[in-house]
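One structure below.
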Number of protein chains: 2
Amino acid sequence: MTLVDTVRRFNRSYTQRIGALEESFLGTGRPLGASRLLFEVGPDGAAVRDLRERLDLDSGYLTRLLSRLADDGLVEVRPDPADGRRRLVTLTPDGQAAYRELNERSDSKARGLLEPLTERQRARLDEALGTADLLIRAATVHLRVVDPVTDAARTALGEYYAELDRRFPSGFVPEPRDDGAAALRAPSGAFVVAASDGAPVACGGVRRLDDSTGEIKRMWVAPDWRGAGLGARLLRRLEDEARRLGYARAVLGTNSVLTEALAMYGRVGYREIGPYLVDSPYDEVFFEKSLI
Amino acid sequence: MTLVDTVRRFNRSYTQRIGALEESFLGTGRPLGASRLLFEVGPDGAAVRDLRERLDLDSGYLTRLLSRLADDGLVEVRPDPADGRRRLVTLTPDGQAAYRELNERSDSKARGLLEPLTERQRARLDEALGTADLLIRAATVHLRVVDPVTDAARTALGEYYAELDRRFPSGFVPEPRDDGAAALRAPSGAFVVAASDGAPVACGGVRRLDDSTGEIKRMWVAPDWRGAGLGARLLRRLEDEARRLGYARAVLGTNSVLTEALAMYGRVGYREIGPYLVDSPYDEVFFEKSLI
DNA sequence: TCATATCTCTGACTTTAGTCAGAGACTTCC
DNA sequence: GGAAGTCTCTGACTAAAGTCAGAGATATGA
């Protein structure tokens with residue numbers, strides 16, 4: 001049995017049993033679409049725009065769904081003070097109650113399903129689902145080249161810097177004369193962000209070191225995404241970008257504290273070299289790889 | 001994060017990504033319902049009755065779906081020769097082709113999804129999904145008391161005997177003077193079958209040994225269902241039945257070849273005892289447990 | 001053999017889900 | 001300040017999915 005068979009077999013048994021979890025949104029007297037929407041609005045509210053994107057709905061259809069929920073007194077729709085074209089949706093107290101009820105139904109259905117399992121089996125299931133979840137998410141992560149000043153890039157870089165600050169014994173302060181933005185974009189550089197469910201989970205960039213050499217900079221993978229091969233995938237993508245920009249060789253420098261990264265560079269074919277032109281005081285270990 | 005959370009989290013990410021596998025039944029120019037039906041008919045055909053039950057459809061609705069597929073030349077519906085009220089559905093050659101296409105779409109979608117994973121990750125995913133599949137199926141196995149002459153019971157017993165015959169060095173022949181049927185039913189006995197997706201996956205019975213003692217007989221778990229705690233669950237159910245029938249003690253005899261079973265009896269609280277009244281030449285090891 | 005039950009089918013619905021074209025209010029960018 | 005773009009909403013649709021009440025044919029068990 002191949003993996004594809006396993007996946008399909010699992011899919012069948014899963015959707016028949018647990019998949020019904022989400023259908024338990026039914027039986028609340030509301031059509032499934034309305035319940036899903038209510039759930040997606042959530043206790044913190046959401047912008048109509050985002051709902052449309054997340055649920056992939058037609059704008060007219062969404063408007064109608066929302067106005068039905070509003071008629072039922074479950075949500076409130078009002079203009080976004082920051083941008084008069086947009087509208088924000090929040091749950092009313094009744095809506096909050098309905099939201100909680102959806103969650104409880106879903107929970108109790110899940111509990112009932114797991115009830116026949118022993119403690120040991122539950123632990124095994126927990127681990128298996130956790131692993132499968134991570135890998136499936138990892139497989140569907142979307143890598144794309146973005147400008148380093150976009151929101152996605154800024155968020156990712158922010159988390160990267162914050163982590164360096166936590167992990168370096170002396171903390172980390174981004175170089176003030178940081179030419180990051182300009183160097184990590186065309187025509188001599190690129191910046192790649194990996195996103196899952198809209199949130200950035202990894203990033204990295206290439207910039208010009210000399211005419212034939214691109215330098216990989218600011219590679220970061222979110223902590224709970226490590227061990228899923230995302231780093232290697234991102235690195236290969238950056239090498240592709242570097243090749244496209246005309247570089248024949250990739251180099252990078254890193255800090256010896258970042259042990260996972262060091263091991264990964266080795267696996268992907270990087271070879272340790274002496275220090276090249278350096279501008280970051282944090283780089284201690286250096287690698288290169290031919291792109292030809 | 002509790003297991004329920006893991007399940008729900010997994011459910012969300014899974015249905016969004018892989019769940020779409022089944023939706024790939026769309027895009028074949030046929031509505032989802034019709035494709036699902038075509039898939040459920042399958043290459044071997046099916047009875048309309050069973051389709052209605054498996055897909056949980058209204059009879060009128062199903063009739064209409066089927067006649068649409070028949071109009072498109074994909075299926076053929078004709079009376080069941082064995083029962084004039086029923087009708088049987090089979091795929092026409094065109095229907096077979098459409099069926100194969102559905103499968104290919106689903107496969108290639110699954111492959112595309114897994115493509116970014118490395119070999120090692122795929123192996124991990126394969127194992128994780130396999131484990132989760134087994135446990136989820138095990139959790140949703142349905143145990144019920146049936147008469148030992150019903151089809152389900154006969155099938156299960158048949159597989160049990162066949163396995164003993166394979167595993168015992170000298171083979172196994174059911175005792176000819178087998179009073180099985182009569183002894184494993186009320187008022188002094190019971191027979192329990194565990195079924196998953198309609199197929200029996202485990203069985204076992206209790207019969208009277210003396211007024212206060214019930215004997216557990218013919219416990220069997222299908223080979224690919226072992227390690228999922230099904231045996232222990234079945235045994236506990238049989239003890240419940242024995243208690244209900246008024247027994248204060250359960251005993252059982254087994255063969256020392258069946259090592260998994262021996263270990264399981266110990267885990268569930270059975271204690272080895274000397275041979276009690278024996279009528280099976282295959283029983284070598286004996287256990288008892290108080291039911292009070 | 002007659003009442004009762006089972007199985008499929010038909011007709012007449014309703015609800016849910018979704019699409020499309022454009023109007024109107026507002027922002028943004030030159 | 002005006003053109004171009006964004007966001008939401010309305011109206012007018014269509015298709016899919018599902019429900020309900022019976023009719024008619026056949027089987028089953030007393």
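Only heavy atoms go into these numbers, but all of them, side chains included; no hydrogens, no water, no symmetry mates.
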* To do: Decide, yes or no, whether a salt bridge links Glu53(B) with Arg49(B) under the criterion of side-chain N to carboxylate O below 4.0 Å.
  => yes
* Which nucleotide in the set dG18(D), dC20(D), dT10(D) lies at the smallest distance from any side-chain heavy atom of Tyr61(B)? -> dG18(D)
* Could you tell me whether Asp56(A) atom CG has more than 12 heavy atoms of other residues or ligands within 6.0 Å of it? => no
* Do the side chains of Arg233(A) and Val141(A) get nearer than 4.5 Å, heavy atoms only? -> yes
* Is any N or O donor-acceptor pair between the side chain of Ser59(B) and the base of dC7(C) shorter than 3.5 Å? -> no
* Asked: Base, sugar-phosphate alone, or nothing: which one does Asp83(B) contact when heavy atoms must sit under 4.0 Å apart?
  -> sugar-phosphate
* To do: Could you check how far CG of Leu57(A) sits from P of dC9(D), rounded to whole Å?
  => 13 Å
* Structure fact -> With the side chain defined as heavy atoms from C-beta on, Val77(B) is closest, among dC9(C), dC26(C), dA5(C), to dC9(C)
* Structure fact -> Taking dT19(C), dT8(C), dT10(D) as options, the one with an atom nearest any side-chain atom of Arg86(B) is dT8(C)
* To do: Tell me what Gly60(A) touches on the nucleic acid: a base, only sugar-phosphate, or nothing, going by heavy atoms under 4.0 Å.
  => base
* To do: Send over the distance from Arg52(B) CZ to dT19(D) P, rounded to a whole Å.
  => 14 Å
* To do: Starting at atom CG of Leu62(B), determine the distance to atom P of dC9(C), rounded to an integer number of angstrom.
  => 8 Å
* Does a salt bridge link Asp133(A) with Arg137(A), judged by any charged N lying under 4.0 Å from a carboxylate O? -> yes
* Asked: Given dC7(D), dA17(D), dC9(D), which nucleotide is nearest the side-chain atoms of Leu32(B)?
  -> dA17(D)
* To do: Could you walk me through whether Arg68(B) and Asp72(B) pass salt bridge (charged side-chain N to carboxylate O under 4.0 Å, His left out), step by step?
  => CA-CA 6 Å; Arg68(B) 217 182 312 164; Asp72(B) 291 351; over 6 Å; no
* **Between dG18(D) (P) and Leu65(B) (CG): distance, integer Å** => 9 Å
* Whole angstrom is fine here: how far is it from CG in Leu88(B) over to C1' in dC7(C)? => 12 Å
* Once you round it to whole Å, what is the distance between P of dT8(D) and CG of Leu37(A)? -> 13 Å
* **Listed nucleotide nearest any side-chain atom of Thr63(A), set dC20(D), dT8(D), dT8(C)** => dT8(D)
* Counting side-chain heavy atoms from C-beta on, which of dC7(C), dC26(C), dT19(C) comes nearest to Arg49(B)? -> dC7(C)
* Structure fact -> DNA chain C nearest-nucleotide lookup for Arg68(A) and Pro81(A): closer to the 5′ end is Arg68(A)
* Structure fact -> Per nearest nucleotide of DNA chain C, the residue lying toward the 5' end, Asp80(A) or Leu66(B), is Leu66(B)
* To do: Measure from the side-chain heavy atoms of Arg64(A) and tell me the nearest of dG11(D), dT16(C), dA17(D).
  => dG11(D)
* Interatomic distance, Arg78(B) CZ vs dC7(C) C1' [rounded to whole Å] -> 17 Å
* In terms of side-chain heavy atoms of Arg85(A), which of dG5(D), dA27(D), dT19(C) is nearest? -> dG5(D)
* Under 4.0 Å between a Lys/Arg side-chain N and an Asp/Glu carboxylate O for Arg111(B) and Glu115(B)? -> no
* Asked: Please give, in whole Å, the distance from dA12(D) P to Asp58(A) CG?
  -> 16 Å
